[in-house]
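Note that ligands are numbered from 1 as they come in the structure, with each ligand's atoms numbered from 1 the same way.
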Amino acid sequence: MRKPVIAANWKMYKTPAQAQEFLQAFLPLVANHKRDEILLFPSYVDLSVAIAATKGSNVSVGAQNMHYAEEGAYTGEISPSMIKALGATHVLLGHSERREYFGETDEIINKKLHAALHHGLTPVLCMGETLEERDAGKTEEVLLRHCQEALKGVVPHAAESFIIAYEPIWAIGTGKTATPEIAGLAHFHIRTQVAHLLGRQTADRIRILYGGSVKPENACALLNQPEVDGALVGGASLDPQSFAKIVKY
Ligand code: PEP
């Protein structure tokens, strides 16, 4: 049995005061919730506030990105040790917005993945196709490439704690959601590919989340797909009531 994960990606929203306000409202709403793992990915500047506020709760906190180097002359970047030192447990890697606006390639993401594992941070590896790729019938090929490139050099036992997020780019922030069937099939392709690369046991343990315009109204249908092990939620995670409804789908 894979424990579902419901994760919030706040992107570049919320000041520390707003993060604090969110958590004051949100934590009591999910205080007794045990069925799912709850993750929060606030911006770097909100990490300390979020980690302090969630201490001892059922909510874990991760960073939305990090550099792969241990330290160095990389102005504006944050290292795995810095994130770890704050008390973060997870890190989001390869989000399509990082790939599209900040030139992240599968090769860079692979380096970050290794750095995250080395530092004991659980990676949430994002992948997904564009609308053009889907329309051209290339979804499976794209997911296969993302898996092969991002997972290069990863050993099966290290990968079991991984989380993968399938995020079709055409569904992110657009209000268009993949149907449960589209999501289920994509997740099946990803798991098959992971089994091919890292073995069946690892593939059966990895949680694969769906992301792309998940809202309280569509969460249940998506999350009831057997291959869908949770959700990565952007816009609808910014409001405590809305995110709590998704957690309790
Ligand atoms: C995301 O940013 O990972 C995401 C899925 O966003 P949204 O839910 O707003 O589509």
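Remark: minimum distance from atom 8 (O) of ligand 1 to any protein heavy atom is reached at Gly234 N, 2.8 Å. Counting protein heavy atoms only, atom 9 (O) of ligand 1 is closest to Gly235 N, 2.9 Å. The nearest protein atom to atom 1 (C) of ligand 1, hydrogens excluded, is given as His95 NE2, 3.2 Å; this is a heavy-atom distance. Annotation: atom 5 (C) of ligand 1 to nearest protein heavy atom, Glu167 OE2, 3.1 Å.
To the nearest 0.5 Å, the span separating CZ on Arg99 from CD1 on Ile169 amounts to 7.5 Å.
With no hydrogens or angles considered, a side-chain donor-acceptor pair links Glu129 and Trp170 at under 3.5 Å.
Looking at Cys126 against ligand 1, nothing comes within 4.0 Å, counting heavy atoms. Both the backbone and the side chain of Ile172 come within 4.0 Å of ligand 1, counting heavy atoms alone.
When only interatomic distances are considered, the shortest N/O to N/O separation between Gly173 and ligand 1 falls below 3.5 Å.
Atom CD of Glu140 has 12 or fewer neighbouring heavy atoms from other residues, nucleotides or ligands inside a 6.0 Å radius. The number of heavy atoms from other shown groups lying within 6.0 Å of NZ (Lys215) is above 12. In Lys245, the NZ atom is not crowded: 12 or fewer heavy atoms of neighbouring residues, nucleotides or ligands sit closer than 6.0 Å. Taking a 6.0 Å sphere around CD of Glu181, one finds it holds more than 12 heavy atoms contributed by other residues, nucleotides or ligands. Atom CD of Gln148 has more than 12 heavy atoms from other residues, nucleotides or ligands within 6.0 Å.
In this structure, Leu39 and Phe243 approach most closely via the heavy-atom pair O-CZ, 4.2 Å.
The closest approach between any non-hydrogen atom of Ala171 and ligand 1 is below 4.0 Å. At least one heavy atom of Ser213 sits less than 4.0 Å from an atom of ligand 1. The closest approach between any non-hydrogen atom of Lys215 and ligand 1 is not below 4.0 Å.
For ligand 1, the atoms closer than 4.0 angstrom to any heavy atom of Leu232 are 3 (O), 5 (C). Atoms of ligand 1 found under 4.0 Å from any heavy atom of Asn9, numbered from 1 in the order shown, are 1 (C), 2 (O), 3 (O). Near Gly212, meaning under 4.0 Å from any of its heavy atoms, are these atoms of ligand 1: 5 (C), 10 (O).
The existence of a salt bridge linking Arg2 and Asp229 is confirmed by a sub-4.0 Å separation between a basic side-chain nitrogen and an acidic carboxylate oxygen.
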